[in-house]
Participant: 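Sending over a structure as structure tokens; questions will come in a sec.
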Amino acid sequence: MAADPGRYRRLTVAAARWSAVGAVIGVALSVALLSVASPKGATDTAFALGALILGFGVTAWSTAVGLGRTIEGTQERLDVSSGWTEASARQAFFVLSWAGAGWVVAAALTSIALGV
Amino acid sequence: MVSKRFVAKRLLLLGPVLFGVTTVVFAILHLSPGDPAVAIAGERASPEFVDQVRSDLGLNDPLWQQYVRFLRDTATLDFGQSYKIQRGTAVSQILADRLPITIELAILGQIAGLLFGLPLGILSAVKQDTLTDHFTRVGALAGVSIPIYWSGPLLILLFAQYFGVLPTSGRISSSYFVESHTGLILVDTLLEGNFAAFKSAARHLLMPVLVLGIYSMAFISRMMRSSMLEVIRQDYMRTARAKGQGAKITIMKHGLRNAFIPVITIIGIQFGSLLGGSVLTETVFEINGIGTLLVTAIEQTDYPVVQATVLVFAFMYTLVNLFVDFTYSILDPRIEQ
């Protein structure tokens, strides 16, 4: 099957977009938490939350890629299909992974900017 | 033969899974309440000593620096030392001691599940809509629905307390001493040529294996039934029967291999449940595998042990699914496409 040349471009643009969204959340959360915690506490918490999103996204994305078809087939065979598909899962966890990546990088940069 | 491209693609997926799990574990441990420095130093330690411990562990560094350090150490399989469970002992050593115990339990549970699940699934499909089928299906449903923390104590009550035929806990009677060669108690007793010890170990393992096996068996039989029903309606099965081949031979020779393909994938997914189940089973039957290690490490906030144990679980699960993928592609080469 020939590779779609526009596909990588679309994926790159989507990754950049969701990383930017994650970065905004990372910075906003770090700044918001400053009102209730020290600079280290605020940026650490923001980083940990971003890492949670990133880790969950990456794990779920790779599971969807590796086991997605199996899960679809199992649901079909057991007649318990919930409308879950490999493609939709991959897409959703792609968004989570990149948003999480942007989030942790932004939280780390905020901690450096705050001199933690 | 499995193609190199397929193997490479599957191996490449190992990286993101392990990275993701590592990150989640790190994040959860740092978001959970409790201070590891206080956990190590003790509740009554002076603030100066707690500060010293915190500084020694690098907990004063920004979290992103700790994360980078954690990723680097994990990549080199350096999980650090246990804070509490076996203070000062390398976590990798603790895991090496405990891992074979859980592996033995999970493998035996899986074998028990296959031994009972496959024939029951085939029987249920061949005798569709008969009393046998209904009985098997209800049994499978019950097996899937019964949680391990309920079936375990129930079996202990029945076989250990009421009938008194099986021991309640442990891996072997305390009257036997078996030197560890492989860490697998059944194998070690055989290697020592101590058959009385082997019998004792087998009796001790019977209930935990049964508990794990029931859940696995229920899922496998359900899947096997559905898969076999699909296969026995195929033209090639009818053709084999029309040519005079006996029903049993047709099912065993032509049906089983094709019906087995989707079941194999279930075994991989199932193994994850067995590992999760081993945490409960080991706790119920007081077996010192990595399941109980994880529970104790969480209770005692021994962070390095928790992190490493969860990673080992994830690695084992991924590895089994990798193996299942390869088996699947051998049985049905179309899967590589």
Side-chain angles (χ1 to χ4, degrees), chain A residues 1 26 30 33 37-80 90 93-94 96-98 100-101 103-116, chain B residues 9-32 59-68 70-71 140 144 219 222-230 259 261-270 272 314 317-318 321-322 324-325 328 335 337:
Chain A
M1 203 170 74
S30 301
L33 285 170
S38 64
K40 184 178 184 305
T43 51
D44 278 2
T45 306
F47 183 88
L49 287 170
L52 194 64
I53 302 288
L54 169 68
F56 177 68
V58 173
T59 310
W61 175 84
S62 33
T63 308
V65 172
L67 289 173
R69 299 236 172 103
T70 308
I71 295 167
E72 273 181 20
T74 309
Q75 284 192 342
E76 204 175 289
R77 273 172 198 284
L78 296 177
D79 202 19
V80 290
R90 226 166 44 184
F93 295 126
F94 173 89
L96 268 189
S97 303
W98 283 105
W103 187 328
V104 291
V105 171
L109 291 175
T110 310
S111 84
I112 294 169
L114 291 173
V116 174
Chain B
K9 197 179 160 192
R10 286 292 180 240
L11 283 175
L12 274 177
L13 272 177
L14 263 176
V17 171
L18 293 178
F19 167 75
V21 172
T22 310
T23 307
V24 168
V25 171
F26 178 86
I28 287 176
L29 285 178
H30 282 85
L31 285 170
S32 57
L59 297 174
N60 288 329
D61 297 336
L63 197 59
W64 68 268
Q65 282 182 13
Q66 295 179 44
Y67 175 65
V68 171
F70 173 64
L71 280 184
V144 172
F219 212 63
R222 209 174 153 212
M223 195 69 191
M224 191 69 201
R225 178 186 180 274
S226 135
S227 185
M228 185 55 93
L229 275 177
E230 210 169 278
I261 293 168
V263 180
I264 280 188
T265 58
I266 285 299
I267 294 168
I269 297 175
Q270 192 61 46
Y317 183 55
T318 319
N321 276 291
L322 197 72
V324 163
D325 270 351
Y328 194 34
I335 198 74
Q337 302 308 313

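Each chain gets a letter, A, B and so on, in the order the sequences are listed, and its residues count up from 1.
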Participant: Heavy-atom distance under 4.5 Å to chain A: side chain of B/Gln65, backbone, both or neither?
Facilitator: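 Neither part, no heavy atoms under 4.5 Å.
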Participant: So which part of A/Leu49 gets closer than 4.5 Å to some heavy atom of chain B, the side chain, the backbone, both or neither?
Facilitator: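 Contact with chain B: backbone and side chain both.
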Participant: As an exercise: rank A/Val58, A/Asp44, A/Thr43, A/Val104 by heavy-atom pairs under 4.5 Å with chain B and give me the winner.
Facilitator: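 That would be A/Asp44.
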Participant: Between B/Asn60, B/Thr318, B/Val25, B/Leu18, which has the largest tally of heavy atom pairs under 4.5 Å with chain A?
Facilitator: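 Ranked by heavy-atom pairs under 4.5 Å with chain A, first place is B/Asn60.
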Participant: So, using side chain to side chain donor-acceptor pair (under 3.5 Å) as the criterion, who are the partners of A/Ser97 when residues are at least two apart?
Facilitator: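 Side chain to side chain donor-acceptor pair (under 3.5 Å) check on A/Ser97 returns nothing, list empty.
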Participant: Taking all heavy atoms of A/Val65 and all of A/Arg90, pick out the closest pair and write down the distance.
Facilitator: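 Scanning both residues, the minimum pair turns out to be CG2-CD, 3.4 Å.
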Participant: Only pairs under 3.5 Å count here: list side-chain donor-acceptor contacts from residues 105-116 of chain A, not counting sequence neighbours, and write none if there are none.
Facilitator:
from     : atom 1 : to       : atom 2 : distance (Å)
A/Thr110 : OG1    : A/Ala106 : O      : 2.6
A/Ser111 : OG     : A/Ala108 : O      : 2.8
A/Ser111 : OG     : B/Trp64  : NE1    : 3.1

Participant: Assess whether side chain to side chain contact (heavy atoms under 4.5 Å, CB included) is satisfied between B/Val68 and B/Leu71, documenting all intermediate values.
Facilitator: CA-CA 5 Å; B/Val68 171; B/Leu71 280 184; 5.8 Å; no
